[in-house]
Colleague: 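There's a structure below that I have some questions on.
For clarity, every value in this text was computed on a predicted model and none was experimentally measured.
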Amino acid sequence: MSTHDNLPEADGNEENNTKAIEEKTVAEVTESQPTQDDQSEKATVNEKTVTEEFSAEKPSTEEITATEEVKKEEVISDSENEILNEMDQAVAKDSEDESKLERHDIEKKDYHAMSKDELISELRHLIKSEKIQAIKEHVEEIKTEFNAKFNEEVEQKKDEFLADGGNIIDFYYSTPLKKEFNSVYFDYKEKRNAYYQNLKKDLQVNLQKRLDIIEELKGLLNVEENINTTYNHFKEIKERWHNAGPIPRDKYNTVWNTYHHHTENFYDFLHLNRDFRDLDFKHNLEQKLKIIERATELAQETDVNRAFRELQILHKMWKEDLGPVAKEYREPIWEKFSALTKKIHENRQDFFKIQDKVYEKNLEVKQEIISKIINVASDYPKNHGGWQQKIKEIEALREEFFQAGKVPSNANEETWSQFKSAVRDFNRNKNAFYKSLKKDQFENLNKKMELIKIAEDNKDSDDFSVTTPLMKKIQADWKKIGHVPRKDSDRIWKRFKDACNSYFDRIHAEKNEANKEEVASYEKKLAHIEALKELKLSGDPETDLTTIKENINVWKSLGRVPYKKKNIESDYNKVLDTFFEQLNLSRQQTEMIKYENKLSSLANQSDDRALRNEQNFIRKKIDEVHGEIRQLENNLQFFKHADDNNPLVIEVKKNIGKHKESLQVWKNKLKKIKEL
């Protein structure tokens, strides 16, 4: 909004009023006759209003004629008249509220970015810390933002209510925050109404004081007393007038004109004692020349708004604090002051023209930013990360918007509305996503609570073969379930982890106990291998085979070894191989004897998973050997016309024989597993 758009609207003409009163005395004016042009006609109407409204008696012909003659002699341009009108009305407005000079510019914060709690806090702060008559614009914007946020919340709750099968006529929604805001806003309205009621009352009281002072001033002309006494009485009246307080602005100029008119009458009355009058004229001239000197400095001031505000104070001093000057100085000093007023006003208007160009450029920038916000908001991400990136982009654009500067006043409201609408649309879509996300998180919470129940129900189970796979499965399922509400995340994870840890800690404790036995078995098997290495065969194959099998049975009876020491089985088999070589047994016989030992070890496992894995492994090996045989037999077809003594043919057939022998071994192993 342009700074100059905040100026008070014109509702009077100081040049006509002030210059007229200062230029003519009643004695001089009564010798002239009123003219009938538009300006003097307007003056007659104004004076009629003054005398009818504020005089206890009908105005004298001399008073009406005086005002008309003054208006007749004032010849000023329309533009100059407009400038002085503006100044006159600015003074009138400021005079209505004497506390205006004590005010300061209140920072306008980004209310749109505030939460409902923050808006309430800011409203309460404004009411408590600032003048109630100065915060209306801020309060209304806070109210608009709060209601927009609350209404959006109401719509969400309404959708949820209807989605749950509710009837729209039964829907009602309110919150403690809404009630709190209404209460604080009510306090503001009460305080504001009380202020203006008291102000109106005070203005009327002050108005009556000033009217009474005018009547008292008029009566001085008819008092028969010593001139010194009368003059002192006049000075006392002037002091009371100065301290009488503000009055309604629409009465200000008229009342002042009336007061000044009768002040002039009194000074004419003082021609009986020129010493008093000349002393006052001299003082007033000195003070008005000081005002002109200061106005000359203000005409060079670069801060045009500051210059204009101080110029209002100078005009008020000229009107209210100072009386007339000698006749020969009246017109020259007023013309000088008026010319300086015009110059300051023109400086201000030139500044505004430059500012308007800047504001137009700012408007283009802000409109472009709004378009970017709309463009960013039109793309709806599918996940939390995408929305977080969008939020950062919108925040950056919002910051650009607020840094872009002011726009023309006639576009300010619309631009601000478009900006808020664009941001609010984005927030609405964002909130809809997170509302849906919360729904998913709530479903995930229910799923995880089901897993917690399973874990807690089974954490004390002793059926390890059944419970262990179950506990491992629910741990895997937990990882597959998505996020839950943040406020529940740590709590439910602790419950689930505690239940699982309780179960597996018991398993580990039992395993540690079992490990003691396994370590002892390992020590025994090491000793057994060393003893086996010292064994000498008799040379009788049957006797020696029986000895080896008995040795294997002893090995089986020694129990399980720790998992990390399982390679001891391989060491044992290597020792056995040296004996089998001495017995001249077939490969198949040797493999099956050793395999029986392995199967015995697998059968002693706590669950049958090892046996199932072994069976699957053997089936896979059988399939692989079958494949190798088929491939070799296919290769042999390439040599169908070759001689059987061909080295390549011999090598292929040899490989086929080895694979068939291996195949038979694997089949026998599979048969043994199935027999368990």
Colleague: Within the side chain of S521, is there an N or O that forms a donor-acceptor pair under 3.5 Å with the backbone of L558?
Modeller: yes
Colleague: Could you tell me the separation between the CG atom of L445 and the CD1 atom of I492, rounded to the nearest 0.5 Å?
Modeller: 5.0 Å
Colleague: Looking at every heavy atom in both L177 and D117, which two are closest together, and how far apart are they?
Modeller: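 Closest pair (atom of L177, atom of D117, distance): CD2-OD1, 2.9 Å.
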Colleague: Under the salt bridge (Lys or Arg N to Asp or Glu O under 4.0 Å) test, which residues partner K448, sequence neighbours left out?
Modeller: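 By the salt bridge (Lys or Arg N to Asp or Glu O under 4.0 Å) rule, K448 matches no residue at all.
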Colleague: Would you indicate whether the side-chain heavy atoms of W493 and I452 approach each other to under 4.5 Å?
Modeller: no
Colleague: Between S421 (side chain) and S417 (backbone), is there a donor-acceptor pair under 3.5 Å?
Modeller: no
Colleague: Could K494 and D490 be called an ion pair, given the rule that one side-chain N must be under 4.0 Å from one carboxylate O?
Modeller: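 Answer for the salt bridge query: no.
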Colleague: Any chance you could measure E400, atom CD, to I369, atom CD1, to the nearest 0.5 Å?
Modeller: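 Between atom CD of E400 and atom CD1 of I369 there are 5.0 Å.
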Colleague: Scan side-chain atoms only and decide if E180 and Y185 contain a donor-acceptor pair under the 3.5 Å cut-off.
Modeller: no
Colleague: Without swapping roles, check the side chain of S662 against the backbone of K658 for a donor-acceptor pair under 3.5 Å.
Modeller: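 Pair absent, no side-chain N/O of S662 close to backbone of K658.
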Colleague: How far does CG of L397 sit from CG of N375, to the nearest 0.5 angstrom?
Modeller: 9.5 Å
Colleague: How about Q475 and C500: do any of their side-chain heavy atoms sit closer than 4.5 Å?
Modeller: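 When only atoms from C-beta onward are counted, C500 and Q475 do touch, with a gap below 4.5 Å.
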Colleague: Which residues pass the ring pair (Phe, Tyr, Trp, His ring centres under 6.0 Å) test with F426, not counting sequence neighbours?
Modeller: W387
Colleague: Only counting residues at least two apart or in another chain, list the ones meeting salt bridge (Lys or Arg N to Asp or Glu O under 4.0 Å) with D170.
Modeller: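 So D170 forms no salt bridge (Lys or Arg N to Asp or Glu O under 4.0 Å) with any residue.
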Colleague: For residues V554 and E550, determine if any side-chain heavy atom of one lies less than 4.5 Å from a side-chain heavy atom of the other.
Modeller: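 Side-chain contact under 4.5 Å: no.
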Colleague: Mind checking what makes side chain to side chain contact (heavy atoms under 4.5 Å, CB included) contact with E443, not counting sequence neighbours?
Modeller: K439, D440
Colleague: Taking only residues at least two apart or on different chains, which pairs with a member in residues 462-477 satisfy salt bridge (charged side-chain N to carboxylate O under 4.0 Å, His left out)?
Modeller: D462-R506, K473-D477
Colleague: In the structure I gave you, are the side-chain heavy atoms of L126 and I142 within less than 4.5 Å of one another anywhere?
Modeller: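 They are in contact (side-chain heavy atoms under 4.5 Å apart), so the answer is yes.
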Colleague: Is it the case that atom NZ in K524 sees more than 12 heavy atoms from other parts of the structure closer than 6.0 Å?
Modeller: no
Colleague: Does L123 form a side chain to side chain contact (heavy atoms under 4.5 Å, CB included) with L119? I'd like the steps, not just the answer.
Modeller: CA-CA 6 Å; L123 177 57; L119 289 171; over 6 Å; no
Colleague: How would you list, by chain and number, every residue that makes a side-chain hydrogen bond (donor to acceptor under 3.5 Å, both in side chains) with N501, sequence neighbours excluded?
Modeller: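 Not a single residue meets the side-chain hydrogen bond (donor to acceptor under 3.5 Å, both in side chains) criterion with N501.
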Colleague: Taking the side chain as everything from C-beta on, heavy atoms only, tell me whether T546 gets closer than 4.5 Å to K549.
Modeller: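 Side chain of T546 against side chain of K549, heavy atoms only: no contact under 4.5 Å found.
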Colleague: Is the closest basic N to carboxylate O distance between E530 and K533 below 4.0 Å?
Modeller: yes
Colleague: Find the distance between CD1 (I656) and CD (E651) and round it off to the nearest 0.5 Å.
Modeller: 11.0 Å
Colleague: Does this structure show an ion pair linking R398 with E395, if we count only N-O contacts that are shorter than 4.0 Å?
Modeller: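 Here R398 pairs with E395 in a salt bridge, since their nearest N and O are under 4.0 Å apart.
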Colleague: Applying ring-ring contact (aromatic ring centres under 6.0 Å, His included) to F419 and F402, what does each step give before you reach the verdict?
Modeller: CA-CA 10 Å; F419 168 73; F402 290 120; 5.5 Å; yes
Colleague: Would N668 and Q664 count as having a side-chain donor-acceptor pair, cut-off 3.5 Å?
Modeller: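 Yes, Q664 and N668 have a side-chain donor paired with an acceptor closer than 3.5 Å.
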Colleague: For the residue pair E393 and Q389, establish whether any side-chain heavy-atom pair is separated by less than 4.5 Å.
Modeller: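 Answer yes - side chains close enough.
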Colleague: Quick one: list whatever passes side chain to side chain contact (heavy atoms under 4.5 Å, CB included) with S174, sequence neighbours left out.
Modeller: Y172, K178, K179
Colleague: Please determine, by modelled atom types, if Y572 and N567 share a side-chain donor-acceptor pair under 3.5 angstrom.
Modeller: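 N567 and Y572 do not have a side-chain donor-acceptor pair below 3.5 Å.
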Colleague: Tell me whether T467 contacts the main-chain N or O of F464 through its side chain, where contact means a donor paired with an acceptor under 3.5 Å.
Modeller: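 Looks like no, no N/O pair under 3.5 Å.
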Colleague: Apply the test side chain to side chain contact (heavy atoms under 4.5 Å, CB included) to residues W555 and E569: give CA-CA distance (whole Å), side-chain angles for both, the deciding distance (0.1 Å), then the verdict.
Modeller: CA-CA 10 Å; W555 179 266; E569 295 290 337; 3.3 Å; yes
Colleague: Does V154 have any side chain to side chain contact (heavy atoms under 4.5 Å, CB included) partners at least two apart in sequence or in another chain, and if so, which?
Modeller: F150, F171, Y173
Colleague: Any chance you could lay out the side chain to side chain contact (heavy atoms under 4.5 Å, CB included) test for L535 and T547, step after step, and finish with the verdict?
Modeller: CA-CA 10 Å; L535 179 66; T547 300; 4.0 Å; yes
Colleague: If we ignore hydrogens and angles and just use 3.5 Å, is the side chain of K191 paired with the main-chain N or O of I127 as donor and acceptor?
Modeller: yes
Colleague: For E413, enumerate each residue passing the side chain to side chain contact (heavy atoms under 4.5 Å, CB included) test, keeping only those at least two apart in sequence or located in another chain.
Modeller: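 Per chain and number, E413 pairs via side chain to side chain contact (heavy atoms under 4.5 Å, CB included) with no residue.
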Colleague: I need the minimum non-hydrogen distance between K459 and A499, along with the two atoms involved.
Modeller: CB-O, 3.4 Å
Colleague: Output yes when K116 and E153 qualify as a salt bridge under the 4.0 Å nitrogen-oxygen rule, no when they do not.
Modeller: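 E153 and K116: salt-bridged.
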Colleague: Might you point out which heavy atoms bring N429 and A377 nearest each other, and give the distance in Å?
Modeller: ND2-O, 4.0 Å
Colleague: Quick check: does any side chain N or O of N362 sit under 3.5 Å from a backbone N or O of K406, one acting as donor and the other as acceptor?
Modeller: yes
Colleague: Using only heavy-atom distances, determine whether the side chains of T144 and Y111 contain a donor-acceptor pair under 3.5 Å.
Modeller: no
Colleague: Please examine the side chains of K430 and K390, heavy atoms only from C-beta on, and report whether any two atoms are closer than 4.5 Å.
Modeller: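 They are not in side-chain contact.
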Colleague: Hey, are E145 and K149 close enough for a salt bridge, meaning a charged N less than 4.0 Å from a carboxylate O?
Modeller: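 Between K149 and E145 there is a salt bridge, with a charged N closer than 4.0 Å to a carboxylate O.
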Colleague: Pair up each side-chain donor or acceptor in residues 616-626 with any protein partner under 3.5 Å, not counting sequence neighbours, and list the distances.
Modeller:
| unit_1 | atom_1 | unit_2 | atom_2 | d |
| --- | --- | --- | --- | --- |
| N616 | ND2 | R612 | O | 3.2 |
| K621 | NZ | E624 | OE1 | 3.4 |

Colleague: Which residues pass the salt bridge (Lys or Arg N to Asp or Glu O under 4.0 Å) test with E141, sequence neighbours left out?
Modeller: K108
Colleague: Any donor and acceptor pair, going by atom type alone, linking the side chain of Y503 with main-chain N or O of A455 inside 3.5 Å?
Modeller: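 Checked: no pair found.
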Colleague: Given 3.5 Å as the limit, does a donor-acceptor pair link the side chain of E118 with the main chain of S115, or not?
Modeller: yes
Colleague: Please report the C-alpha distance between H483 and S489 in whole Å, then the side-chain angles of each, then the deciding distance to 0.1 Å, and finally whether the side chain to side chain contact (heavy atoms under 4.5 Å, CB included) criterion is met.
Modeller: CA-CA 8 Å; H483 295 287; S489 180; over 6 Å; no
Colleague: For R495, what residues pass the salt bridge (Lys or Arg N to Asp or Glu O under 4.0 Å) criterion, not counting sequence neighbours?
Modeller: E456
Colleague: Under 3.5 Å, side chain of H659 to main-chain N/O of N655, donor-acceptor pair present?
Modeller: yes
Colleague: Work out which heavy atom in V561 is nearest to a heavy atom in K565; give both atom names and the distance.
Modeller: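 Minimum heavy-atom contact is CG2-O, 3.8 Å.
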Colleague: In the structure I gave you, are the side-chain heavy atoms of F181 and K143 within less than 4.5 Å of one another anywhere?
Modeller: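 F181 vs K143: side chains touch.
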Colleague: Do any N or O atoms from the side chain of N444 and from the backbone of I481 form a donor-acceptor pair under 3.5 angstrom?
Modeller: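 Between the backbone of I481 and the side chain of N444 there is no qualifying donor-acceptor contact (under 3.5 Å).
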